[in-house]
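Note sheet for the following structure.
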Amino acid sequence: MKRKPPPSPYELQRKAAQRAALNALKRARRSAEKAGVSLSEWEDEFLTSVSERVKEHGRAFGDPELGAPGQALSAMQGRKLKEIAKKANGEVGVPPRRKRGARQPYPSRDINDE
């Protein structure tokens, strides 16, 4: 009786990332339904298509340069998923703060004013 070799750590990491992505997609959809927030047609299509691609291929992007190796979602897909989850939880988007120490640009001067 031959034994199968144990799965590589990279394979285990990839499977864990796949499960985490599917759970995050389900959680975003469930929280939107529970809160009564209506997702746009695009957001609904995004959640459906990404979850199908993750189930079928193990990740939702084809170009390896778009995401880290072993991850199921690209950086942009992860950002959009977070935006949908925030919308579902009722959090409003807060504009980013100005960095500390950033200065206002100098007013333009005309040489002929002096």
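Just so it is clear, the values below take in all heavy atoms, side chains as well, and ignore hydrogens, waters and symmetry mates.
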Give me the atom names and distance for the closest heavy-atom approach of A21 to L73.
CB-CG, 4.0 Å
Given salt bridge (charged side-chain N to carboxylate O under 4.0 Å, His left out), test E83 with K86 step by step and report yes or no.
CA-CA 5 Å; E83 288 177 8; K86 277 186 175 182; over 6 Å; no
Distance, nearest 0.5 Å, that separates CG of N23 from CD of Q18:
10.5 Å
Spell out, yes or no, whether L81 and V50 are grouped together once hydrophobic residues are joined by side-chain heavy atoms under 4.5 Å, including indirect joins.
yes
Could you point out which residue of R53, R59, K82 forms a side chain to side chain contact (heavy atoms under 4.5 Å, CB included) with Q77?
R53
For the student: nearest non-hydrogen atoms of S51 and L22, plus distance:
O-CD2, 3.8 Å
Only pairs under 3.5 Å count here: list side-chain donor-acceptor contacts from residues 3-17, not counting sequence neighbours, and write none if there are none.
| unit_1 | atom_1 | unit_2 | atom_2 | d |
| --- | --- | --- | --- | --- |
| S8 | OG | E11 | N | 3.1 |
| E11 | OE2 | R14 | NH2 | 2.7 |

For residues 28-51, which residue pairs qualify under salt bridge (Lys or Arg N to Asp or Glu O under 4.0 Å), counting only residues two or more places apart or in two chains?
R29-D44, E43-K87
Of all heavy-atom pairs linking V54 and A72, the shortest is CG2-O, 4.1 Å
Under 4.5 Å between side-chain heavy atoms, counting indirect links through other Ile/Leu/Val/Met/Phe/Trp/Tyr residues: same cluster for L39 and L25 or not?
yes
Shortest non-hydrogen pair, A35 vs A88, comes out as CB-O, 3.4 Å
Give me each pair satisfying ring-ring contact (aromatic ring centres under 6.0 Å, His included) with a member in residues 31-55, each pair once, sequence neighbours excluded.
W42-F46
